[in-house]
S.K.: 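Got a structure for you, questions after.
By convention here, the first residue in the shown sequence is residue 1. In what follows, every heavy atom counts, from backbone to side chain, and hydrogens, waters and symmetry copies are set aside.
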Amino acid sequence: MFAKNFDQVNFIPAFVLTPLTYFGGVFYSVSLLPSWAISLSYANPILYMVNAFPIRVPGDLRRECRGGFRPQ
């Protein structure tokens with residue numbers, strides 16, 4: 001259960017979290033994926049965390065950042 005070197009510790013981030021991040025809609029919209037990847041993404045918990053983030057942030061950040069930062 002315990003790792004004897006760093007390569008054994010790096011197994012989970014490299015082979016589990018990285019693919020989950022790519023299929024989680026962090027870098028692109030999930031709707032751009034092929035149909036088999038969309039169904040795989042809906043089983044991914046990271047997708048729901050990414051989709052819940054804008055709900056918790058006040059304001060519409062996508063609209064405000066499109067034209068640059070404006071003073072309040």
S.K.: The criterion is side chain to side chain contact (heavy atoms under 4.5 Å, CB included); which residues satisfy it with Thr21, sequence neighbours excluded?
M.R.: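 Scan of Thr21 (side chain to side chain contact (heavy atoms under 4.5 Å, CB included), adjacent residues dropped) gives Val26, Phe27, Ile46.
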S.K.: If you round to the nearest 0.5 Å, how far is CD1 of Ile38 from CG of Leu33?
M.R.: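 Taking CG in Leu33 and CD1 in Ile38, the distance rounds to 6.0 Å.
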S.K.: With no hydrogens and no angle check, is any side-chain donor or acceptor of Ser41 less than 3.5 Å from a backbone partner on Val30?
M.R.: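 Between the backbone of Val30 and the side chain of Ser41 there is no qualifying donor-acceptor contact (under 3.5 Å).
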S.K.: Mind checking side chain to side chain contact (heavy atoms under 4.5 Å, CB included) for Pro45 and listing every partner two or more places apart, or none if nothing turns up?
M.R.: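 Counting only residues at least two positions away or on another chain, Pro45 forms no side chain to side chain contact (heavy atoms under 4.5 Å, CB included).
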S.K.: Distance check, rounded to the nearest 0.5 Å: Leu40 atom CG versus Phe23 atom CZ?
M.R.: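 Nearest 0.5 Å value for the CG-CZ distance: 5.5 Å.
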S.K.: Identify, with sequence neighbours excluded, every residue that meets ring pair (Phe, Tyr, Trp, His ring centres under 6.0 Å) alongside Tyr42.
M.R.: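 So Tyr42 forms no ring pair (Phe, Tyr, Trp, His ring centres under 6.0 Å) with any residue.
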S.K.: Strictly distance-based, threshold 3.5 Å: is any side-chain N or O of Ser39 a donor or acceptor partner for the main-chain N or O of Trp36?
M.R.: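 Indeed, once roles are kept as given, a pair shorter than 3.5 Å links the two residues.
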S.K.: Heavy atoms only: give me the nearest Ala14-Pro19 pair and the separation to one decimal.
M.R.: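 Ala14 and Pro19 have their closest heavy atoms at O-CD, 3.9 Å.
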S.K.: Find the distance between CG (Leu17) and CG (Asn10) and round it off to the nearest 0.5 Å.
M.R.: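 Spacing of CG (Leu17) from CG (Asn10) equals 10.0 Å.
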S.K.: With sequence neighbours excluded, tell me which residues meet side chain to side chain contact (heavy atoms under 4.5 Å, CB included) with Ser29.
M.R.: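 With sequence neighbours excluded, Ser29 shows a side chain to side chain contact (heavy atoms under 4.5 Å, CB included) to Ser31, Leu32, given in chain and number order.
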